[in-house]
Protein chains: 2
Amino acid sequence: MSHSTDPHSLSAPPTQDQLRGRLGQAGLRATRQRVVILESLLTLPGHPTAEQVHRRVVTQEPTISLGTVYKALDAFVAAGLTRRVASAEGASRRYDADCSEHHHLFCTNTQEIMDYCDPQLDHLIRDFFAARGLQNFQPHSFSLHITGVKRPD
Amino acid sequence: MSHSTDPHSLSAPPTQDQLRGRLGQAGLRATRQRVVILESLLTLPGHPTAEQVHRRVVTQEPTISLGTVYKALDAFVAAGLTRRVASAEGASRRYDADCSEHHHLFCTNTQEIMDYCDPQLDHLIRDFFAARGLQNFQPHSFSLHITGVKRPD
DNA sequence: CTCTCTGCAAACTTTTTGCAAAAGT
DNA sequence: ACTTTTGCAAAAAGTTTGCAGAGAG
């Protein structure tokens, strides 16, 4: 993607300590379970469901329960570490470790949801609404949902 | 909303015949149930859940079952009469009778989802992507999700 | 040591499915 | 008449909750 950044593929995988740090900063206890859950969220492609996070996480922490994943994800969302992404076709809830403003590419073939960051686009949209104004609505944030098909690279 | 049009409030309520026509064109049999379901979708404010459609529809057709509402909505979506709207905070699926391209205003106070049509905005976005191009993605349609708060009129 | 978090299981909500009877074309 | 659709009820899928015991700070 020429002008976009993908938060999942940019940086080296976060260390245990970085993950613990993020949890601590958010006021959450850094349990083994939460560390692997947060790690999964950061490394799993797209916007996984609780189920997908659980499947990934049981390989590292075999006794972890799906309920714990739900509770941890709720805690992350409440703490602002993570956000819920409206799921594309009404399936399960999806979570995104990236809280910065970004947009989504939704592929109708593979059902994948990819992040798309583009400050220039953000700027364009903000300017548009700054100039135009909505009569009875005060916009706060924008997220563009782009439907289409992934091209073979 | 100064420059937008709301498909739910624009026109006079559709007649039975118009509803039947729409169903027929879509290749669906015009049963009593489907007529009232489609009517509810068109007149209900926002983007109702199957549950909400059912609650509305049982007043006119008391024996209609929730399962029928689900099946009818699925049929509408398959036929292109209706589309699913990604629900805001992971609640139930929501449906929208309007298939034309439009955007959504989501109020964080009332949890309402309002339609927002703006050809100028569409144009702006299309131009932007026409000029820029995405490397491995062929965009097809765009929908802007605007989060904010409703202002008292 | 204290308080939060986990694991488990049960409850709940939402959606899907199967099938016989009813209704539409 | 022929098929699709309905209604019902049961099952599946997804999510939440309560509580006793384990683990973090």
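Within every chain, numbering begins at 1; the chains are lettered A, B, ... in the order of the sequence lines, protein sequences first and strands thereafter. Hydrogens, waters and symmetry mates are skipped; everything else that's a heavy atom, side chains included, is used. Not measured: the values here are computed from a predicted model.
Direction change of the helix axis from one end of the helix from C/dC1-D/dG25 to C/dT25-D/dA1 to the other is 50°, with five pairs defining each end axis (rounded to 10°).
Residues meeting the side-chain contact (heavy atoms from CB on, under 4.5 Å) test with B/Ala78, sequence neighbours left out: none. With sequence neighbours left out, B/Arg55 forms a side chain to side chain donor-acceptor pair (under 3.5 Å) with no residue at all. With sequence neighbours excluded, the residues that form a side chain to side chain donor-acceptor pair (under 3.5 Å) with A/Arg151 are B/Gln138.
In this structure, the CZ atom of A/Arg55 is 12 Å from the P atom of D/dA13, given to the nearest Å. Following rounding to the nearest Å, A/His54 (NE2) and D/dT16 (P) show an atom-to-atom distance of 16 Å. Regarding A/Glu61, its CD atom lies at a distance of 16 Å from the P atom of C/dC5, rounded to whole Å. Atom-to-atom, CG of A/Leu23 to C1' of D/dG23 comes out at 15 Å; the value is rounded to the nearest Å. As rounded to whole Å, 13 Å separates atom C1' of C/dC12 from atom CD of B/Glu51.
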Quick one, give me the B/S/- string for nucleotides 16-25 of chain C, reading 5' to 3', where B means a protein heavy atom under 4.0 Å from the base and S means that only happens at the primed atoms, P, OP1 or OP2. BBBB---BBS

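Minimum heavy-atom separation, A/Ile37 to A/Ala72: CD1-CB, 3.5 Å. Among all heavy-atom pairs drawn from B/Leu28 and B/Phe76, the shortest one is CD1-CD2, 3.8 Å.
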Please set out all donor-acceptor pairs under 3.5 angstrom arising from side-chain atoms of residues 60-67 of chain A, sequence neighbours excluded.
{"unit_1": "A/Glu61", "atom_1": "OE2", "unit_2": "A/Arg32", "atom_2": "NH1", "d": "2.3"}
{"unit_1": "A/Ser65", "atom_1": "OG", "unit_2": "A/Thr68", "atom_2": "N", "d": "3.2"}
{"unit_1": "A/Ser65", "atom_1": "OG", "unit_2": "A/Thr68", "atom_2": "OG1", "d": "3.1"}

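B/His102 and B/Asp122 form no side-chain donor-acceptor contact under 3.5 Å, judged by distance and modelled atom types alone.
B/Asp74 and B/Arg84 are joined by a salt bridge, as a carboxylate oxygen and a charged side-chain nitrogen come within less than 4.0 angstrom of each other.
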